[in-house]
Protein chains: 2
Amino acid sequence: MTNSTADRIIDIAESQMRSGGYNSFSFREISKVIGIKSASIHYHFPTKTDLGVAIANRYTERFLEQLVLIKQEVAEPGERLQRYIALFRYALEKDQKMCLCGALASETDILPEPIRLETKRFFEINLDWLNTAVFPDAPEKATITLASLEGALMMSKILDHFEPFEQVGHRLAALFELCSEEKAP
Amino acid sequence: MTNSTADRIIDIAESQMRSGGYNSFSFREISKVIGIKSASIHYHFPTKTDLGVAIANRYTERFLEQLVLIKQEVAEPGERLQRYIALFRYALEKDQKMCLCGALASETDILPEPIRLETKRFFEINLDWLNTAVFPDAPEKATITLASLEGALMMSKILDHFEPFEQVGHRLAALFELCSEEKAP
DNA sequence: GTCTATAATTTGATAGAC
DNA sequence: GTCTATCAAATTATAGAC
């Protein structure tokens, strides 16, 4: 059994969005790839905003599934962090693309409101998870973890090399282990 | 004396690019804002790619000027880092926009080649500067500094709050001061 | 569910007058 | 340098047949 047409539409649109943002996917392009007419896409998703929300929602829900899985399978916070980093590494090395919500967050100002809210939700969910599952003590660590991973994807894409991402992943592990509890001046 | 038309074109296009990326600015929109016809813009910049390169180049050169200035005015690495962080804070709090090259790097795959290369140059220049002026000992720190600052802008934009950026800025300072020299397992 | 046909708008770009 | 006029292409979207 294969995917539904709606799923395939989301597949292709998501891929294009992760490459070039919200203004970089079109009904025509999607229709060419899957071999139907662009008018048919409107049957599944009446407007472009509707499709955009569906894409962001599926992406966030799938990501959340992985977060739940990690929490179930791994108890030790340091190893949970490694598994979390691996989610972003997968995006970079296998998909060779940005995190969808990272690509969208860079365009916050031009996103239709429903898509902006769904993108925001992705970041809130990730911060919540990091705060509870990895850094129960220091809330700022969740922020720098997510920020540096999103930035690392961006840098590895433009520099066309995995090294920036791996350096950040390595540093995050060190940050976790070595600076466990300190105070600022 | 006021700016030249070419400068004003770049001003507006840069602003739109920083809000929504490369596919988010158009000759028509620019022409409306500055009160000339879109055909006139082609006199200054024959193609959209030409304009895009000019925008990225001016942005990078201006940023580089600031980096040189910091190096001249401040000797202490920790204070240099504070001044560096302030460049990004300015982008967020005064312009209320992404770093131009951060917005473009997220769209690496769809950028015309000359724009991609100019964007890449921005990151290379920043890493070079951080490595020589702030972290002469540990090269990976430059990467996590730039990555987390770009990611912090992205997060503060989508979460619509300065807190993520300030948390990252605070953490970077702590990273600099407290984990000055350690080894990983 | 998918098609044809079409509308209305926007886009980057060019030719040539002034 | 800026204009008018125009173009070809791409965009989102709708109406209605099958």
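Residue numbering restarts at 1 for every chain, and letters A, B, ... go by the order of the sequence lines.
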A.B. asks: Nearest whole Å is fine: how far is C/dA13 C1' from B/Asp50 CG?
C.D. replies: 12 Å
A.B. asks: May I ask you to establish whether B/Lys48 and B/Phe25 are in a cation-pi arrangement, using a distance under 6.0 Å from NZ or CZ to the six-membered ring centre and at most 45° from the ring axis?
C.D. replies: yes
A.B. asks: Kindly give the heavy-atom pair with the smallest separation between A/Met154 and B/Met154, and that separation in Å.
C.D. replies: CE-CE, 3.5 Å
A.B. asks: Taking only side-chain N and O atoms of A/His44, does any of them lie within less than 4.0 angstrom of OP1 or OP2 on C/dT2?
C.D. replies: yes
A.B. asks: Let me know the distance between NE2 of B/His42 and C1' of C/dA13, rounded to the nearest Å.
C.D. replies: 5 Å
A.B. asks: Once you round it to whole Å, what is the distance between C1' of D/dT2 and CD1 of B/Ile9?
C.D. replies: 11 Å
A.B. asks: If you assign B/Gly35 and A/Phe25 each to the DNA chain D nucleotide with the nearest heavy atom, which residue ends up on the more 5' nucleotide?
C.D. replies: B/Gly35
A.B. asks: Please determine whether a side-chain nitrogen or oxygen atom of B/Ser38 lies at a distance below 4.0 Å from atom OP1 or OP2 of C/dA13.
C.D. replies: no
A.B. asks: Can you work out whether A/Tyr43 or B/Ser26 has the more 5'-proximal nearest nucleotide on DNA chain C?
C.D. replies: A/Tyr43
A.B. asks: Tell me if the OH atom of B/Tyr90 is crowded by more than 12 foreign heavy atoms within 6.0 Å.
C.D. replies: no
A.B. asks: Atom OH of A/Tyr22 to atom P of D/dT11: distance rounded to whole Å?
C.D. replies: 13 Å
A.B. asks: Atom NZ of B/Lys32 and atom P of C/dG12: how far apart are they, to the nearest Å?
C.D. replies: 12 Å
A.B. asks: Give a yes or no answer on whether the side chain of A/Ser106 reaches the backbone of B/Ser106 with a donor-acceptor pair at less than 3.5 Å.
C.D. replies: no
A.B. asks: Please give, in whole Å, the distance from D/dC3 C1' to B/Ile41 CD1?
C.D. replies: 13 Å
A.B. asks: Could you say whether A/Ser40 or A/Arg28 is positioned toward the 5' end of DNA chain C, judged by the nucleotide with the nearest heavy atom to each?
C.D. replies: A/Ser40
A.B. asks: Separation of A/Phe27 atom CZ from D/dT14 atom P, in whole Å?
C.D. replies: 10 Å
A.B. asks: Whole angstroms only, please: what is the CZ-P distance between B/Phe45 and C/dG12?
C.D. replies: 14 Å
A.B. asks: Looking only at side-chain N and O atoms, does B/Lys48 come under 4.0 Å of OP1 or OP2 in C/dG12?
C.D. replies: yes
A.B. asks: Which residue, A/Lys157, A/Gln96, A/Lys97, forms the side-chain hydrogen bond (donor to acceptor under 3.5 Å, both in side chains) with B/Asp109?
C.D. replies: A/Lys157
